[in-house]
2 protein chains.
Amino acid sequence: MPSISGKTIGRLCVYRRQLQRLRDEGKSNVYSHQLAALTGGSAAQVRRDLMAIGYRGTPYHGYRIDELSGSIASFLDDPDGQEVALVGLGNLGRAILAYFDGWRPHLTITAAFDVDPGKVDRVIHGCKCYAIAKLESITRRRKIAVGVICVPAREAQTVAEKLAGGGVKAIVNFAPRRLHLPDDIYVEDIDVTTALEKAAFFALEHKRQPDSKAK
Amino acid sequence: MPSISGKTIGRLCVYRRQLQRLRDEGKSNVYSHQLAALTGGSAAQVRRDLMAIGYRGTPYHGYRIDELSGSIASFLDDPDGQEVALVGLGNLGRAILAYFDGWRPHLTITAAFDVDPGKVDRVIHGCKCYAIAKLESITRRRKIAVGVICVPAREAQTVAEKLAGGGVKAIVNFAPRRLHLPDDIYVEDIDVTTALEKAAFFALEHKRQPDSKAK
DNA sequence: TCACATTTGTGATTTTTGTCACATAGTTAT
DNA sequence: ATAACTATGTGACAAAAATCACAAATGTGA
């Protein structure tokens, strides 16, 4: 089947966010080239992506913002809502928790886990904390299918296996380690270190050859 | 010239990290297929990437870890070291600061900026904080070429322009906004929201068709 | 009504990225 | 020696992603 690419999924998320913004500004429709400018792509790419989810605009009027928004939502979101489990309440874990506190109701971090007994049973940024020992049983019982790993690199693999054991099907991994898991489990790596080193490299290129246009 | 791809740069960073780990374990050489297993790529890809920086291994012995490490370092790193400026000391900004505290000496966050007068002139996680008003002058005076944006989305564009105005050439952007900058400035977006939504989507796919092998 | 301007949808094409497969070269064992 | 292995380096190839470019659709205005 014409399975949809991960890159397209990512862009659809970005389009949706911009659409909400446009709607807040009172706009009711939008052209592919406007969305492209807003998201840093090309107009043709926007059209291709929207084609993938089957929503069709109309020439001369572009896309209806509310309809398109709804179309993306019904493609991306679980109508029953989805819960997320976060593991690791260090600085980064707590920041992520704060970041998503009061987020969309259909995608919420509803359980956090840490080894530190001082954090267990407290509520941090609106989220109840549990001991890691309870990870598998809680995710399984509540059918949580999405996990976020914010533990130190050394413990990432162990935690990932516990999440998988608890029935989690997709993981956002902040630890700088490749996770080794059954390949029906989706892993989205967020590698902050690499991102910084990459940026540093391109800044350096600039210093090495002060002329060329990079990107 | 045979300009090197951004994806390759990213993988080189990852290889290097794994190499350091192997060296800490006392290993002295490594094969392309081992490095591949450790980083989640293919052996052929590892060889291609290493080819790109000109380091050559030897058949039957693979690559010398110390030499290869050094080779990557001399390709990626500025021998004079590089300073990084971080803007926005909310939860996320402070977490990033802590994350990189005591990081490699050649790439260090040495200046942080925030609007909150309560944070200005303090030292947070080993980093001195300044008022945003001083951003341009400080980055320019200290020739800082790398910036990290951790401010709320609304202020991201303004801050990005100030960084660019201060001579910064590469930016790691945590704000969920496309930055509009001269195109000789490199931007690496870290979009946590999109990452989570993407993961949620793939978890949902799993629920919709409980059979297929995804990724 | 008819020419014209604007924008979508998509086949065709290009560019980028990754994989294959094999010649080459180092190593071991007999 | 030389035969049998093992691993690299790389040209050839395949797959994926992005772009081009134009027909079809829609609206505008004389």
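The sequence lines fix the lettering, A, B, ..., with proteins before strands; numbering per chain opens at 1.
The aromatic rings of B/Tyr55 and B/Tyr63 lie tilted to each other, with the angle between the two planes from 30° to 60°. Between B/Tyr31 and B/His33, the ring planes are parallel. Angles under 30° get that label, and only those over 60° would be called perpendicular.
Across residues 22-45 of chain B, B/Ser42, B/Gln45 each have a non-hydrogen atom less than 4.0 Å from an atom of DNA chain C (numbered order).
For B/Thr39 and A/Arg178, the side-chain atoms include no donor-acceptor pair closer than 3.5 Å. A side-chain donor from one of A/Gln18 and A/Arg21 sits under 3.5 Å from a side-chain acceptor of the other.
Contacts of A/Ser74 classified as side chain to side chain contact (heavy atoms under 4.5 Å, CB included), with partners at least two apart in sequence or in another chain: none. Applying the side chain to side chain contact (heavy atoms under 4.5 Å, CB included) rule to B/Thr108 yields the partners B/Thr110; only residues at least two apart in sequence or on another chain are considered. Judged as a side chain to side chain contact (heavy atoms under 4.5 Å, CB included), and not counting sequence neighbours, B/Arg56 has no contacts.
Nucleotides of DNA chain C lying under 4.0 Å from heavy atoms of chain B occupy a range whose first and last members, 5' to 3', are C/dT17 to C/dT27.
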Scan nucleotides 25-30 of chain D nucleotide by nucleotide, 5' to 3', and note B when protein non-hydrogen atoms come under 4.0 Å of the base, S if they reach only the sugar-phosphate, - if neither.
BBSS--

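For the salt bridge (Lys or Arg N to Asp or Glu O under 4.0 Å) test with B/Arg16, the passing option among B/Asp77, B/Asp66, B/Asp49 is B/Asp77; the others fail.
Contact check, A/Arg11 against D/dA18: a side-chain N or O comes under 4.0 Å of OP1 or OP2.
For B/Lys162, the NZ atom is loosely surrounded, since the number of other residues' heavy atoms within 6.0 Å does not exceed 12.
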